[in-house]
Amino acid sequence: MNWAIVEFPGSNCGPDCLYVVEKVLKHKATLLWHTDKRIPPVDALILPGGFSYGDYLRSGAIASLSPIMEAVKEAAQAGVPILGICNGFQILCESRLLPGALITNRSLRFVCKRVYLRVERTDSLFSHLFHPGEVIRIPIAHGQGCFYADPQTLEQMEAQGMILLRYCDCQGQVGPQSNPNGSVGNIAAVQNQRGNVLGLMPHPERAAETEMGSVDGKKIFESLFRAVEAYKGK
């Protein structure tokens, strides 16, 4: 499988994603820069975490106007799977490839820790290797990870099954005490209606080897790999 990783000035998690793709998954990876205007034929795109353009103005806002984002939008429309992690999630929302917005954590503090997540649906390209309701553990690290959507948008997202992960406790219970940033509905990951674009605040690339304390994040990459292989008929 051939992945492309799109980096912007201030992205700092691209090398981590590159390591997981090449060293852990044993796949191919192509690095793309924000000024690129074309995306070569690839099986999937990753928008990694970091602080694109220093997060000045608003997280992901300036990056959403980068030259490469027109190509990213075209790829999304063509059905290419796109995974936006943390700052990548913010960029996808700012680009309107995903609904809602990521705002400052309700605590006004940067949060960096491992969190529990409940898998809300397992018929997605990104989650079909999990069990329904499975509780997984993946690190977060962000200051603007509070997901917000207006009530009407949220109702549509719920009805269309666009919520993939919610923050929960170790028993899978969702509530304010298991919400690390104040996200509406404890939402941690959202996919588009078509199901080929996913944004999530947790960092799956930081939970891809046993040495990291969890391999739950690796299953997100593997789910997508298996789906792509099935699509190719392999």
Side-chain angles (χ1 to χ4, degrees), residues 3-11 13-14 17 30 32-53 55 57-103 120-121 124-127 142 144-150 152-165 183-185 187-205 220-221 223-224 227-228 231:
W3 304 69
I5 301 169
V6 182
E7 293 193 294
F8 304 85
S11 298
C13 298
C17 292
T30 301
L32 301 176
W33 188 230
H34 69 118
T35 53
D36 294 336
K37 295 182 179 179
R38 297 183 60 186
I39 296 174
V42 293
D43 298 308
L45 291 170
I46 299 174
L47 274 62
F51 303 91
S52 58
Y53 296 91
D55 275 353
L57 181 61
R58 191 174 60 245
S59 296
I62 300 176
S64 71
L65 303 176
S66 291
I68 199 168
M69 287 310 297
E70 286 303 317
V72 171
K73 292 176 182 177
E74 292 174 2
Q77 190 170 9
V80 175
I82 300 175
L83 177 62
I85 302 169
C86 197
N87 194 223
F89 186 10
Q90 295 162 341
I91 296 169
L92 291 176
C93 288
E94 291 289 342
S95 302
R96 311 317 301 165
L97 288 172
L98 289 174
L102 282 311
I103 61 177
E120 296 297 281
R121 55 181 301 179
S124 164
L125 294 176
F126 306 93
S127 65
H142 56 250
Q144 295 181 320
C146 176
F147 182 81
Y148 175 79
D150 62 69
Q152 182 178 0
T153 301
L154 192 61
E155 183 178 350
Q156 292 175 346
M157 291 171 60
E158 296 275 9
Q160 294 169 354
M162 297 169 66
I163 301 167
L164 210 66
L165 298 173
S183 289
V184 61
I187 293 172
V190 172
Q191 68 177 14
N192 64 346
Q193 188 174 356
R194 183 173 179 173
N196 67 309
V197 179
L198 173 69
L200 74 168
M201 289 313 296
H203 285 262
E205 78 278 14
I220 294 176
F221 294 101
S223 287
L224 184 52
V228 169
Y231 177 77

To the nearest 0.5 Å, what is the distance between CG (Leu47) and SG (Cys17)?
9.5 Å
For Gly145, does its backbone N or O pair with a side-chain atom of Ser183 as donor and acceptor, under 3.5 Å?
yes
List for me each residue that meets ring pair (Phe, Tyr, Trp, His ring centres under 6.0 Å) alongside Tyr53, sequence neighbours excluded, and say none if there are none.
His34
With side chain to side chain contact (heavy atoms under 4.5 Å, CB included) as the test, would you mind laying out the steps for Ser95 and Val72 before giving the verdict?
CA-CA 10 Å; Ser95 302; Val72 171; over 6 Å; no
Show the nearest heavy-atom pair for residues Pro81 and Leu224, with the distance to one decimal.
CB-CD1, 3.5 Å
Sorted by chain and residue number, the ring pair (Phe, Tyr, Trp, His ring centres under 6.0 Å) partners of His203 (sequence neighbours excluded) come out as none
Looking at Gln90 and Asp55, would you say the former's side chain and the latter's main chain have a donor-acceptor pair under 3.5 Å?
no
Starting at CG of Leu57, measure out to CG of Leu65 and round the result to the nearest 0.5 Å.
8.5 Å
Crowding at CZ, Arg38 (>12 non-hydrogen neighbours, <6.0 Å):
no
Taking side-chain hydrogen bond (donor to acceptor under 3.5 Å, both in side chains) as the definition, give me every residue that meets it alongside Ser52, ordered by chain and number, with sequence neighbours left out.
Asn87
Minimum side-chain heavy-atom gap Phe126-Leu165 below 4.5 Å:
no
Please report the C-alpha distance between Ile187 and Leu154 in whole Å, then the side-chain angles of each, then the deciding distance to 0.1 Å, and finally whether the side chain to side chain contact (heavy atoms under 4.5 Å, CB included) criterion is met.
CA-CA 10 Å; Ile187 293 172; Leu154 192 61; 3.6 Å; yes
Step by step, work out the side chain to side chain contact (heavy atoms under 4.5 Å, CB included) result for Val42 and Trp3.
CA-CA 6 Å; Val42 293; Trp3 304 69; over 6 Å; no
Taking every heavy atom of Pro40 against every heavy atom of Leu32, the minimum-distance pair comes out as CD-CD2, 3.8 Å
Can you sort out the partners of Ala101 under side-chain contact (heavy atoms from CB on, under 4.5 Å), two or more places apart, ordered by chain and number?
none
Pairing residues for Gln191 by the side-chain hydrogen bond (donor to acceptor under 3.5 Å, both in side chains) criterion, not counting sequence neighbours
Ser124
Step by step, work out the side chain to side chain contact (heavy atoms under 4.5 Å, CB included) result for Leu97 and Asn192.
CA-CA 7 Å; Leu97 288 172; Asn192 64 346; over 6 Å; no
Do you know the tightest heavy-atom contact between Pro202 and Ala188?
CD-O, 3.6 Å
For Ala149 versus Met157, what's the shortest heavy-atom pair and its separation?
CB-SD, 4.2 Å
How about CD on Gln193, more than 12 heavy atoms from neighbouring residues, nucleotides or ligands closer than 6.0 Å, or not?
no
Mind listing the closest non-hydrogen atom pair of Glu7 and Gly14 along with its distance?
OE2-CA, 3.4 Å
Non-neighbouring partners of Ser64 that pass side-chain hydrogen bond (donor to acceptor under 3.5 Å, both in side chains), sequence neighbours left out:
none
For Phe8, what residues pass the ring pair (Phe, Tyr, Trp, His ring centres under 6.0 Å) criterion, not counting sequence neighbours?
none
Could you point out which residue of Leu92, Leu200, Asn196, Ile5 forms a side chain to side chain contact (heavy atoms under 4.5 Å, CB included) with Leu83?
Leu200
Rounded distance [0.5 Å steps], CZ in Phe147 versus CD1 in Ile103:
10.0 Å
Taking distance alone, no hydrogens or angles, what donor-acceptor pairs closer than 3.5 Å link side-chain atoms of residues 73-80 to residues at least two apart or in another chain?
none

So do the side chains of Leu98 and Cys93 get within less than 4.5 Å of each other, counting heavy atoms only?
yes
Hits for salt bridge (charged side-chain N to carboxylate O under 4.0 Å, His left out) against Asp43, two or more places apart or cross-chain, chain-then-number order -> Lys232
Count the heavy atoms of every other residue, nucleotide or ligand shown that sit under 6.0 Å from CD of Gln156, and state whether that count exceeds 12.
yes
Partners passing salt bridge (charged side-chain N to carboxylate O under 4.0 Å, His left out) against Glu120 (at least two apart in sequence or in another chain)
Arg118, Arg166
Are Pro9 and Trp33 close enough that some pair of their side-chain heavy atoms sits under 4.5 Å apart?
yes
So which atom in Ala189 and which in Leu198 form the shortest heavy-atom distance, rounded to 0.1 Å?
CB-CD1, 4.1 Å
Distance from Ser59 atom OG to Phe89 atom CZ, nearest 0.5 Å?
12.5 Å
Return the set of residues passing salt bridge (charged side-chain N to carboxylate O under 4.0 Å, His left out) with Arg58 (not counting sequence neighbours), or none when no residue passes.
Glu94
N/O donor-acceptor pair under 3.5 Å between Thr30 side chain and Ala4 backbone
no
Got a sec, which residues hit side-chain hydrogen bond (donor to acceptor under 3.5 Å, both in side chains) with Thr153, two or more places apart in sequence or on another chain?
Asp150
